[in-house]
Chemist: 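Below is one structure. I have some questions about it.
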Amino acid sequence: MRRALPIFLALAGLCAPAAAAHADPVKGASAPARTSAAGPPTVTAADLRFTPGRTLRYGSPQRAGLLPDAVAAIAEDAAGYMNPSPTYPLYPGAVVLAARNGVVAAQDAMGYALRYADDKPTELPRDQWILMRKDTIFDLASMSKLFTTVAAIQQIERGRIDLNATVASYLPGFGQNGKDAITIRELLTHTSGLRPDLPFYNYTGRTAQEAALFADTPQARPGTAYIYSDLNMITMQFVLEKVTGRTLDALVRDGITRPLGMRDTGYNPPAAERPRIAATEYEHKPYAALDRGLVWGQVHDENSYALGGVAGHAGVFSTAHDIAIFAQMILDGGRYGHARVLDDTSVRLLFTDFNTAFPGNAHGLGFELGLRWYEDAMTSPVTIGHTGYTGTSLVIDPISRSFVILLTNRVHPSRNWGSINPARRTVAHDVARAVPVRPAEGRDAWFSQMADGTTATLTAPMPTSAARLSFDLWYDTEETDTGVLETSPDGKTWTPAPLSLRAGRTAWTVAGAFSGFAGRSWATATATLPAGTTSVRWRYTTDAAYEGRGVYVDGVRARDTAGRLVFDGERPADAARFQPAGWIRSSD
């Protein structure tokens, strides 16, 4: 029933009152720009263009269209988190992979897949440590939700499941205690109101586990709150198994991993693969739900373990290369090579925000949208991703046609050694920096750099006859990091200057300060200079956490009241008069 898919896109605007965010604790080349009278250009799922038929290949950063120095920083920065921070490393080992335009430009393994015997911590004898390999298999934890999502959308395409139907229409026993109105869409966007989890490990057998879920009372009415909940995807699993008569692992195998050639991806890996699998936690009570000892080769999540290792929220094991295939399939509109996993209309649902009423919790079907606490400078209105509790993450940026995968065993040997979100942000930051921003004019442009807690300034002297300033401006910043154009009569006192900007068909104005997403395209900016102006400067200030892609300035020119050119930043003599502080001249 593919003809019904456009109806689903219309659901993106449905909303409800806001609720608490699922967020990091640190802080409470492009698709076409869409015209907006209210502000700068933006990008939506409808604007994305897919290029099906490609398969991944390995190549140089240049072949991927990436800057070599920034690509080289990815592995170096990821390895830095294996140092004490301050007592323990954030993880004993990792594999990181970055790709753009269908080319894997970086794949590096570092550290150890197995190092500890317990969480005291006691290290194993050195000859028993296992080095991390590029093809090490990782427990993906909550990244497994992405596979459940794709399996669900496949059944929606086939007409077996309706996105707007209630869960109870497929599982009648589920509709107890206020759950009768919960829809499939609410499961896939975490707006069902279900609590975060239930202790399925306290129940023996699937019948008892399903009965516990069916009898549970939600924390909120459906559609009125965002609550990140494993129960959503466990419920989705039960629906899938009911309507197809097949287990989730079979659906994922036959519908996703086998067609895509993901040979190292699946549930409950065979014992023979254990030497290739990254060890996870030494589980014991009270901080773990079960006393299992060193978890290695079995799913780490206690509820998934209780459900037999096959669960909608956790249980998938995979490698960086296999996840790269999955990510490329998404970027290419549901196809990889000759295999079609999803219709491209369905893929747009992954990039469409269904949760506009819940600021900070943007969500497509299954995928999170625009969460800077791990997407960092790759963040955009259509950047999607997901994380996993064991220390895994995936970020996909369709605007730059790039993605980054970080797989770690951060819970080995203990979940209490700290969050790896700084590492997730760092690798995303590096990949974003590696995507070139070509100068608007000539061979280079001024670039603010990308750093937290800094102020970068670029100052240009102006003839007193200058009355009108024009320049090219490119900016993509965190919303709380701001750029501003200022004028001064004496080089000491500075006043923000209002700007008029235009990019393609889109025109907008700012009172002086600018920030946020602006379509990742150059805009032409103009400003009226007060009489007596002797200097102008651009100032970019960042706060203590999270980054955007920064600010670029190019093509600076000033004219007098008669329209005569009195300053041209493209002329060597005038360009030499710029006084940068914290900015760099860049051909990126």
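Counting begins at 1 with the first residue of the sequence. None of these values were measured; they are calculated from a predicted model. FYI, side chains are in, hydrogens and waters are out, and symmetry mates aren't considered; it's all heavy atoms of this structure.
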Chemist: Quick check for you: to the nearest 0.5 Å, what is the distance between Thr148 atom OG1 and Leu240 atom CG?
Modeler: 7.5 Å
Chemist: Quick one: does Ile156's side chain get under 4.5 Å of Ser346's, heavy atoms only?
Modeler: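 A side-chain contact under 4.5 Å is absent here.
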Chemist: Which distance, rounded to the nearest 0.5 Å, do you find between the CE of Met236 and the CD of Glu241?
Modeler: 10.5 Å
Chemist: So which atom in Phe317 and which in Pro269 form the shortest heavy-atom distance, rounded to 0.1 Å?
Modeler: CD1-CD, 3.5 Å
Chemist: Looking at side-chain heavy atoms only, is the closest gap between Leu163 and Thr183 below 4.5 Å?
Modeler: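 No, every pair of side-chain atoms sits at 4.5 Å or beyond.
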Chemist: What are the two closest heavy atoms between Ile234 and Phe200, and how far apart are they?
Modeler: CD1-CE1, 3.6 Å
Chemist: What are the two closest heavy atoms between Val95 and Ala320, and how far apart are they?
Modeler: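 So the minimum-distance heavy-atom pair works out to CG1-CB, 3.7 Å.
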Chemist: Do we get Arg292 above Tyr305's six-membered ring, with its NZ or CZ under 6.0 Å from the centre and within 45° of the axis?
Modeler: yes
Chemist: Should the heavy atoms of other residues, nucleotides or ligands under 6.0 Å from OH of Tyr203 be counted, would the total exceed 12?
Modeler: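 Check fails, neighbour count at 12 or below.
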Chemist: Test your reading of the model: is there a side-chain donor-acceptor pair from Thr477 to the backbone of Asp481, 3.5 Å cut-off?
Modeler: yes
Chemist: Both conditions, 6.0 Å and 45 degrees, for the charged tip of Lys242 above the ring of Tyr170: are they met here?
Modeler: no
Chemist: Tell me the closest heavy-atom pair linking Thr392 and Arg424, and the distance in Å.
Modeler: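 Residues Thr392 and Arg424, closest heavy atoms: O-NH2, 3.0 Å.
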Chemist: Quick one: pull up CZ in Phe138 and CZ in Arg276 and give me the separation to the nearest 0.5 Å.
Modeler: 11.0 Å
Chemist: Could you give the distance from OH (Tyr374) to CG (Leu406), rounded to the nearest 0.5 Å?
Modeler: 12.5 Å
Chemist: Within the distance-only criterion (no hydrogens, no angle test), does the side chain of Arg195 pair as donor or acceptor with the backbone N or O of Ser229 below 3.5 angstrom?
Modeler: no
Chemist: Walk me through whether His321 and Asp135 qualify under side-chain contact (heavy atoms from CB on, under 4.5 Å).
Modeler: CA-CA 7 Å; His321 177 76; Asp135 65 347; over 6 Å; no
Chemist: Any side-chain heavy atom of Val316 within less than 4.5 Å of one from Met143?
Modeler: no
Chemist: Take Glu478 and Arg425, measure what salt bridge (charged side-chain N to carboxylate O under 4.0 Å, His left out) needs, and give me the verdict at the end.
Modeler: CA-CA 13 Å; Glu478 184 195 3; Arg425 287 194 292 273; over 6 Å; no
Chemist: I'd like to know whether Asp476 forms a side-chain contact (heavy atoms from CB on, under 4.5 Å) with Phe517, so could you lay out the CA-CA distance, the side-chain angles of the two residues, the decisive distance to 0.1 Å, and finally the verdict.
Modeler: CA-CA 5 Å; Asp476 179 18; Phe517 181 78; 3.7 Å; yes
Chemist: Distance from Leu97 atom CG to Leu394 atom CG, nearest 0.5 Å?
Modeler: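 Result: 10.0 Å between the selected atoms.
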Chemist: Mark yes or no for whether Arg54, through its side chain, and Gln328, through its backbone, hold a donor-acceptor pair below 3.5 Å.
Modeler: no
Chemist: Are more than 12 heavy atoms, taken from residues, nucleotides or ligands other than Arg206, located less than 6.0 Å from that residue's CZ atom?
Modeler: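 More than 12 within 6.0 Å, yes.
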Chemist: For the backbone of Gly337 and the side chain of Thr55, can you confirm whether one donor and one acceptor N or O come within less than 3.5 Å of each other?
Modeler: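 No, Thr55 side chain to Gly337 backbone: no donor-acceptor pair under 3.5 Å.
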Chemist: Side chain to side chain contact (heavy atoms under 4.5 Å, CB included) with Leu294: which of Glu283, His412, Glu281?
Modeler: His412
Chemist: Taking the side chain as every heavy atom from C-beta outward, state whether Phe351 and Ile330 have any atom pair closer than 4.5 Å.
Modeler: yes
Chemist: Is the backbone of Tyr226 close enough, under 3.5 Å, to the side chain of His190 for a donor and an acceptor to pair up by distance?
Modeler: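 It does not hold such a pair.
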Chemist: Between Asn409 (side chain) and Leu114 (backbone), is there a donor-acceptor pair under 3.5 Å?
Modeler: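 No.
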Chemist: Which value, rounded to the nearest 0.5 Å, describes the distance between Ser380 atom OG and Glu375 atom CD?
Modeler: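 Answer rounded to 0.5 Å: 7.5 Å.
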Chemist: Any heavy-atom pair between the side chains of Asp216 and Leu198 that's under 4.5 Å?
Modeler: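 In contact.
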Chemist: Using side-chain heavy atoms (C-beta onward) and a distance below 4.5 Å, is Leu187 in contact with Ile182?
Modeler: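 Sidechains of Ile182 and Leu187: in contact.
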Chemist: Do His313 and Asn303 have side-chain atoms, one donor and one acceptor, less than 3.5 Å apart?
Modeler: no
Chemist: Has Glu157 got a side-chain atom pairing as donor or acceptor with Ile153's backbone, closer than 3.5 angstrom?
Modeler: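 Answer holds: no.
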Chemist: Side chains of Thr390 and Asp139: is there a donor and an acceptor less than 3.5 Å apart?
Modeler: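 Checked: Thr390/Asp139 side chains show no N/O donor-acceptor pair below 3.5 Å.
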Chemist: For the pair Thr122 (side chain) and Asp118 (backbone), establish whether a donor and an acceptor sit closer than 3.5 Å, ignoring hydrogens and angles.
Modeler: no
Chemist: Which heavy atom of Thr319 sits nearest to which heavy atom of Leu407, and what is that distance?
Modeler: C-CD1, 3.8 Å
Chemist: Compare all side-chain heavy atoms of Ile420 with those of Thr387 and state whether any distance is below 4.5 angstrom.
Modeler: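 Heavy-atom side-chain distance check fails, nothing below 4.5 Å.
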Chemist: Tell me the closest heavy-atom pair linking Asp301 and Ala314, and the distance in Å.
Modeler: CB-CB, 3.9 Å
Chemist: Taking the six-membered ring for Trp, are His386 and Tyr228 parallel (under 30°), tilted (30 to 60°) or perpendicular (over 60°)?
Modeler: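 The rings of His386 and Tyr228 sit tilted, inter-plane angle from 30° to 60°.
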Chemist: State, with a plain yes or no, whether a side-chain heavy atom of Phe354 is found less than 4.5 Å away from one of His363.
Modeler: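 They are not in side-chain contact.
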Chemist: Does any N or O in the side chain of Arg49 come within less than 3.5 Å of the main-chain N or O of Asp47, such that one atom is a donor and the other an acceptor?
Modeler: yes
Chemist: Are a donor atom and an acceptor atom from the side chains of Thr235 and Asn232 found within less than 3.5 Å of each other?
Modeler: no
Chemist: Has Arg410 got its NZ or CZ under 6.0 Å from the middle of the six-membered ring of Tyr389, at an angle within 45 degrees of the ring axis?
Modeler: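 Yes, Arg410 sits over the ring of Tyr389.
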Chemist: Fit a plane to each ring of Tyr81 and Tyr91, take the angle between them on a 0 to 90° scale, and name the class: parallel (under 30°), tilted (30 to 60°) or perpendicular (over 60°).
Modeler: tilted
Chemist: What verdict does the side-chain contact (heavy atoms from CB on, under 4.5 Å) test give for Val310 and Thr247, after you've listed the backbone C-alpha separation in whole Å, the side-chain angles of each residue and the deciding distance to 0.1 Å?
Modeler: CA-CA 8 Å; Val310 178; Thr247 58; 5.6 Å; no
